[in-house]
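The next block holds one structure in the form of structure tokens; read it before the comments.
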Amino acid sequence: MQALMMDQPLLISSVLQHAARHHAGVEIVSRRVEGDIHRYTYAQCEARARQLASALQMHGMQSGDRIATLAWNGYRHMEIYYAVGGSGSVIHTINPRLHPDQIAWIVNHAEDRMMAFDATFLPIVQAIAKRCPTVSKWIFMAAADRIPADHGIENLVSYEDLLAQGSQAFTWPTFDETTAVGLCYTSGTTGNPKGALYSHRSSVLHAYAAALPDAMAASARDCILPVVPMFHVNAWGLPYTCPLVGAKLVMPGPALDGKSLYDLFEAEAVTYSAGVPTVWLGLLQYVQQNNLKFSTFRRTVIGGSACPPAMIKTFNDQFDVDVIHAWGMTEMSPLGTLCRLQNKHLALPHEAQRKLLEKQGHVVYGVDMKIVDDDGKEIAWDGKTYGNLLVRGPWVVKSYFRADGGDPLVYDEQGRGWFPTGDVATIDEDGYMQITDRSKDVIKSGGEWISSIDLENLAMAHPAVANAAVIGVAHPKWDERPLLVVVKKPGQEVGREQILSFYEGKIAKWWTPDDVQFVEAIPLGATGKILKTKLREAFKDYRLPSADV
Ligand code: ADP
């Protein structure tokens with residue numbers, strides 16, 4: 001029997017329309033590349049997004065076309081998200097921190113029709129424009145007087161000029177909710193990047209789920225500053241979640257250093273933020289060095305790589321900020337799990353609660369997960385036994401763009417497809433998941449596994465350590481042994497023995513790294529995560545002292 005409810009597709013345009021109508025006066029505040037602060041409301045954002053959609057269509061954008069961006073978090077980027085997606089085309093955010101050759105490869109693979117970019121990235125566009133034949137228009141995201149005279153790019157137009165050509169009478173079209181709305185490429189740490197193609201339905205459902213109280217707990221009372229870039233899995237969905245709940249949105253633009261972020265947090269009364277662990281290192285260092293406190297900042301989502309427990313503790317104890325540890329991936333839009341306490345945990349002692357909150361957390365409705373052994377057999381949820389983590393759900397990919405890599409799913413006995421995450425994890429009796437490692441980073445020593453994340457987390461708790469990474473290096477007897485690579489905090493002196501003795505009593509003795517190497521910096525990838533591949537390459541000729549005995 002067919003139900004008798006209204007047949008209204010879940011389209012992302014409806015999210016911004018909702019904000020424009022029901023949270024009309026709520027602000028979007030952006031630090032612009034131009035250097036100043038720009039502020040307007042959801043109502044103004046929606047009006048400009050419609051006008052931009054009309055202008056883009058006048059310039060040839062058709063349904064299904066991919067429109068690329070190389071841009072910071074800002075109101076114009078937000079307008080492009082909605083103008084492109086809302087009119088049935090596909091917003092393709094590209095990470096500007098990638099190498100220009102890789103960016104050109106991605107643009108050509110996606111066959112992008114147009115590209116909008118912030119002034120900061122003009123040199124990238126100059127380097128790739130001639131190599132991107134499908135791009136018929138390059139949109140400089142500022143007013144025309146900002147464009148340097150000698151830019152040398154054909155078919156370049158100013159964003160503001162283009163937008164002004166659009167009609168303010170444009171109305172959002174209605175179409176099937178399974179239409180593609182966004183395209184994000186994975187970082188391609190192994191082989192070429194692959195595209196995750198999100199639908200309107202998956203994006204709206206993800207935004208709903210993200211807003212739930214045990215997920216991101218986003219509310220109309222919040223002022224949310226996504227430090228996570230809009231080119232890193234759609235800033236974890238916040239450009240959709242914020243208008244959905246009517247939260248004030250603060251966009252940091254290009255200024256992601258500790259001082260600029262802190263100033264913006266204070267000036268705009270930010271209550272809530274989200275980002276990868278490395279960005280918080282800079283902010284925490286700045287506030288600690290200057291003896292500052294946060295007046296309104298109370299919660300932050302940290303994910304993308306394991307959040308060191310020492311960071312959670314600093315945020316909690318020194319700044320009264322709750323950390324919501326989250327896990328996900330590009331292929332999952334990205335949210336999978338978030339770590340919040342449940343009713344039964346409220347009576348636990350503080351330390352036990354904190355231990356739990358260090359985990360990657362509990363799934364949010366919509367995502368299901370399981371851990372399996374190498375034969376695909378499901379493993380018990382005992383919080384100890386680890387296995388390969390598989391997920392499924394309406395905002396998880398079933399295939400990559402252009403079917404690259406074939407069918408990525410593995411099928412269970414009922415024929416249901418599961419996406420193998422490439423992560424190794426445990427799940428406890430209450431369904432809290434903890435990542436042991438990425439399967440390719442786990443250290444295999446004498447047939448047993450050592451978690452590089454656990455060793456890094458412990459090293460990060462040492463007061464003299466600014467950043468730490470652990471990689472497996474070849475060992476004649478044990479196959480692999482852990483090597484700890486450390487960046488010291490400025491002005492701190494600490495030696496190999498002091499760091500290694502810091503592990504005593506905290507882990508099984510055989511897990512202790514065989515050696516420590518001090519470096520000036522640890523290589524970070526385009527999304528701010530430690531690049532283990534680069535690190536392994538840097539230490540490929542390194543021989544452990546223990547290998548000679
Ligand atoms: P990429 O694969 O391009 O780095 P993603 O951002 O999609 O991009 O990365 C997803 C991976 O990041 C996950 O599979 C996992 O290995 C890691 N990751 C994400 N969040 C966490 C977390 N909270 N703890 C540990 N690892 C995480």
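Counting starts at 1 for both ligands and their atoms, in listed order.
Listed by atom number, the atoms of ligand 1 under 4.0 Å from T330 heavy atoms are 5 (P), 6 (O), 7 (O), 8 (O). Taking a cut-off of under 4.0 Å to the non-hydrogen atoms of H232, the atoms of ligand 1 that pass are 6 (O). Every atom of ligand 1 with a heavy atom of Q360 under 4.0 Å away is listed here by number and element: 22 (C), 23 (N), 24 (N), 25 (C).
Ligand 1 lies within reach of S305, whose nearest heavy atom is under 4.0 Å from it. Not a single heavy atom of M332 sits closer than 4.0 Å to an atom of ligand 1. Using 4.0 Å as the threshold, C307 has no heavy atom nearer than that to any atom of ligand 1. Using a 4.0 Å heavy-atom cutoff, A326 is listed among the residues neighbouring ligand 1. Between G328 and ligand 1 there is a heavy-atom distance shorter than 4.0 Å.
Relative to the ring axis of Y542, K540 does not place its NZ or CZ within 45° and under 6.0 Å from the centre.
If you check the side chains of N234 and Y81, you find a donor sitting under 3.5 Å from an acceptor. At a cut-off of 3.5 Å, with distance as the only test, a side-chain donor of D437 or S452 sits close to an acceptor on the other residue. Side chains of T120 and W72: a donor-acceptor N/O pair is present below 3.5 angstrom, by distance only. Residues H109 and Y185 have side chains that bring a donor and an acceptor to within less than 3.5 angstrom of each other. In this structure, a donor-acceptor pair under 3.5 Å is absent between the side chains of Y432 and Q360. A donor-acceptor contact closer than 3.5 angstrom is absent between the side chains of T330 and K194.
Counting non-hydrogen atoms of neighbouring residues, nucleotides and ligands closer than 6.0 angstrom, the NZ atom of K355 reaches no more than 12 such neighbours.
Compare G304, P277, P193, A306 by their heavy atoms: the one nearest to atom 17 (C) of ligand 1 is in G304. Taking all heavy atoms of V276, T527, D423 into account, the minimum distance to atom 14 (O) of ligand 1 is reached by D423.
Residue-level proximity to ligand 1 for M329 is carried by backbone and side chain together, each with a heavy atom below 4.0 angstrom.
The shortest N or O to N or O distance between I435 and ligand 1 is not below 3.5 Å.
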